[in-house]
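See below for the structure under consideration.
Positions are given from 1 along the sequence. Values below: all heavy atoms of this structure, side chains included; hydrogens, waters and symmetry mates excluded.
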Amino acid sequence: MKKLYTLLALCGAVTLALPARAEIVVITSTANQASRMFSEQAAQFFLGQSNQFTPIEQGKDSPIRKEFYQKLSNKSVTQVEAAWAKIEFAGKGTAPKAYPSDAAVKKAVASDPSAIGYINKASVDETVKVLLTLP
């Protein structure tokens with residue numbers, strides 16, 4: 001019985017040590033007419049392949065940023081930054097403005113009907129609407 005308790009305690013410790021993976025949502029202003037978005041569409045906006053929406057970015061060192069791009073496009077943050085550098089060098093666009101937190105991204109998106117951003121699903125409130133959920 002003592003071995004069972006030790007094993008259960010060990011399993012619990014390992015589970016707690018694993019990083020929590022957030023459910024990430026792509027959001028827009030409640031004033032925006034869009035009601036949903038596919039992953040492929042969101043990837044176009046956040047990777048500079050379309051200018052229909054103005055993407056709002058999380059801070060450079062934000063853990064959600066890495067997870068977002070991995071889930072959305074299977075790209076690393078370094079690959080995304082390189083893509084934006086090429087776009088900027090060619091004069092075809094400007095990398096998204098970055099904000100330091102979910103609250104700051106949410107505030108920026110809520111105030112601009114053409115903006116989209118991404119935040120943790122738990123941070124969603126009535127000031128924005130969800131277009132896409134990335135599990």
As an exercise, state the distance from [atom1] of [X] to [atom2] of [Y], rounded to the nearest 0.5 Å.
| X | Y | atom1 | atom2 | result |
| --- | --- | --- | --- | --- |
| Lys97 | Thr54 | NZ | OG1 | 12.5 Å |
| Leu134 | Lys121 | CG | NZ | 11.0 Å |
| Ile64 | Ser123 | CD1 | OG | 7.5 Å |
| Arg36 | Gln41 | CZ | CD | 8.5 Å |
| Thr133 | Glu23 | OG1 | CD | 6.0 Å |
| Ile119 | Asp125 | CD1 | CG | 7.5 Å |

So does [Y] get a backbone contact from the side chain of [X], meaning a donor-acceptor N/O pair under 3.5 Å?
| X | Y | result |
| --- | --- | --- |
| Asn32 | Pro113 | yes |
| Lys106 | Val128 | no |
| Lys129 | Ser35 | no |
| Glu88 | Ala95 | yes |
| Gln79 | Ser76 | yes |

Please assess Lys92 against Lys86 for the test side-chain contact (heavy atoms from CB on, under 4.5 Å), listing each intermediate value before the final yes or no. CA-CA 9 Å; Lys92 295 183 178 183; Lys86 287 180 184 179; over 6 Å; no
Walk me through it: do Val124 and Val130 pass the test side-chain contact (heavy atoms from CB on, under 4.5 Å)? CA-CA 8 Å; Val124 173; Val130 174; 3.9 Å; yes
pair [X]-[Y]: side-chain heavy atoms closer than 4.5 Å:
| X | Y | value |
| --- | --- | --- |
| Thr127 | Lys107 | no |
| Lys60 | Glu81 | yes |
| Gln58 | Asp102 | yes |
| Leu72 | Ser39 | yes |

Going hydrophobic residue to hydrophobic residue with side-chain gaps under 4.5 angstrom, can you get from [X] over to [Y]?
| X | Y | answer |
| --- | --- | --- |
| Val105 | Met37 | no |
| Val109 | Leu131 | no |
| Ile24 | Phe45 | yes |
| Phe53 | Ile87 | yes |

If you take all heavy atoms of [X] and [Y], which pair is closest and at what distance?
| X | Y | answer |
| --- | --- | --- |
| Leu132 | Ala42 | CD2-CB, 3.9 Å |
| Ile56 | Ala115 | CG1-CB, 3.9 Å |
| Pro96 | Pro55 | CB-O, 3.2 Å |

Under-4.0 Å salt bridge between Glu57 and Arg65: yes
Summary of ring pair (Phe, Tyr, Trp, His ring centres under 6.0 Å) pairs that have at least one residue in residues 57-92, sequence neighbours excluded: Phe46-Phe68, Phe68-Tyr118
For Lys66, I'd like to know if atom NZ has over 12 heavy atoms of other residues, nucleotides or ligands within 6.0 Å. no
